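The shown structure was predicted, so the numbers you read here are calculated from the model rather than taken from an experiment.
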Amino acid sequence: MKATSLFVGSLLLFAGGLVRAGVVADGPSLEPSKSAGAKPVAASQGKTPAKTYRLRNTDVISADIVDDARASREYKLGLDGTVKPIYLSQPVKLAGLSVAEAEAALSAAYVEEKIFTRPQVAVTIKEYAPRQIYFLGEVNHPGAIPIPPEKELSLVAAFSLAGGNTPRAKRTCTITRLLPDGKSTELKMDLRAAVEDAKKDIMLEDGDTVFIGQSLLDNEWY
């Protein structure tokens, strides 16, 4: 038990520093088992710059049109990813677009409906839709863990936020991810190896579930 406490304490200091600094491991993409429709669980860099952030359902944005203050409004993306801008007869789908792409899409919609000839649209993200992952099984604080806005959350950082492993935990974990077509894919990871080697850490995605089972061996982590 003493060894377990020392290890978990060290892990919390290490991964907690990564979360505070917004820094994550720079590692290669990892692929799950080659099941039908499987999607790679890819690694990426820590903070997501605003220019590369992709709008999501229920994000709140402001859309300002230069030289027409009446057209400036705040919109919440619907569950279908669309907004219904002022003056337009049809909604415009913005989910999945970057801020620059959303500006171009709104501008094109105004031109298509002949509302403006050359509108200059400025989009700003006012409120981010909540994102979270779930850490279950043999961790000290199982449950939902929020992903900070415009940042990514690595497996090791999430493991730290879940309080580290219990004494009876396996050193491996299973990540379950729901795919756009409604199916799911699983990836088995050596979590202890990821803790020891940052290059083996990976990034998690919104809705991922990480499960650590109970080991039949004593002190499998050591």
Tell me, please, which residues at least two apart from [X] pass side-chain hydrogen bond (donor to acceptor under 3.5 Å, both in side chains).
| X | result |
| --- | --- |
| Thr58 | none |
| Asp190 | Arg171 |
| Thr209 | none |
| Tyr75 | none |

Is there a side-chain contact between [X] and [Y] in this structure, where contact means two heavy atoms from C-beta onward sitting under 4.5 Å apart?
| X | Y | result |
| --- | --- | --- |
| Thr82 | Leu77 | no |
| Asp208 | Arg177 | yes |
| Ile212 | Phe135 | yes |
| Val195 | Phe159 | yes |
| Val111 | Thr117 | no |
| Ile175 | Met189 | yes |

Practice item. Identify whether the distance between the nearest side-chain nitrogen and carboxylate oxygen of Lys126 and Asp59 falls below 4.0 Å. Key: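 Looking at Lys126 and Asp59, the cut-off is not met.
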Of all heavy-atom pairs between [X] and [Y], which one has the smallest distance, and what is that distance?
| X | Y | answer |
| --- | --- | --- |
| Asn140 | Gly163 | ND2-O, 2.7 Å |
| Ala71 | Ile65 | CB-CD1, 3.6 Å |
| Leu204 | Glu152 | O-OE1, 4.1 Å |
| Val123 | Val99 | O-CG1, 3.3 Å |
| Ala169 | Ser215 | O-CB, 3.8 Å |

Exercise for review: Mark yes or no for whether Ser154, through its side chain, and Ile202, through its backbone, hold a donor-acceptor pair below 3.5 Å.
Suggested key: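 Pair absent, no side-chain N/O of Ser154 close to backbone of Ile202.
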Once you round to the nearest 0.5 Å, how far does [atom1] of [X] lie from [atom2] of [Y]?
| X | Y | atom1 | atom2 | result |
| --- | --- | --- | --- | --- |
| Leu136 | Cys173 | CG | SG | 11.5 Å |
| Arg131 | Asp206 | CZ | CG | 6.5 Å |
| Met203 | Ile147 | CE | CD1 | 8.5 Å |

Exercise for review: Report the residues that fulfil side chain to side chain contact (heavy atoms under 4.5 Å, CB included) with Ala104, sequence neighbours left out, ordered by chain and then residue number.
Suggested key: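 Ala104 satisfies side chain to side chain contact (heavy atoms under 4.5 Å, CB included) with no other residue.
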Exercise for review: Output all residues satisfying side chain to side chain contact (heavy atoms under 4.5 Å, CB included) with Glu101, sequence neighbours left out; order by chain, then residue number.
Suggested key: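 With sequence neighbours excluded, Glu101 shows a side chain to side chain contact (heavy atoms under 4.5 Å, CB included) to Arg54, Leu97, Ser98, given in chain and number order.
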Review point. So Val121 and Asp64, side chain to side chain contact (heavy atoms under 4.5 Å, CB included) or not? Walk me through it.
Key: CA-CA 6 Å; Val121 182; Asp64 302 318; over 6 Å; no
Donor-acceptor pairs under 3.5 angstrom involving side-chain atoms of residues 83-94: please list them, not counting sequence neighbours.
residue : atom : partner : partner atom : Å
Lys84   : NZ   : Leu88   : O            : 2.4
Ser89   : OG   : Glu113  : OE1          : 3.1
Ser89   : OG   : Glu113  : OE2          : 3.0

Point to revise | Full working for side chain to side chain contact (heavy atoms under 4.5 Å, CB included) between Thr174 and Val210 | key: CA-CA 6 Å; Thr174 300; Val210 184; over 6 Å; no
Tell me the salt bridge (Lys or Arg N to Asp or Glu O under 4.0 Å) pairs involving [range], sequence neighbours left out?
| range | result |
| --- | --- |
| residues 133-145 | none |
| residues 156-169 | none |
| residues 65-76 | Asp68-Arg70 |

**Study point:** Pair Tyr53-Tyr128, ring pair (Phe, Tyr, Trp, His ring centres under 6.0 Å): steps then yes or no
**Key:** CA-CA 10 Å; Tyr53 177 81; Tyr128 292 90; 5.0 Å; yes
**Study point:** For Tyr110, all residues meeting ring-ring contact (aromatic ring centres under 6.0 Å, His included), sequence neighbours excluded
**Key:**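 Residues passing ring-ring contact (aromatic ring centres under 6.0 Å, His included) with Tyr110: Phe116.
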Exercise for review: Starting from the C-alpha separation in whole Å, work towards a yes-or-no answer on side chain to side chain contact (heavy atoms under 4.5 Å, CB included) for Ile133 and Leu153.
Suggested key: CA-CA 9 Å; Ile133 63 96; Leu153 187 65; 4.0 Å; yes
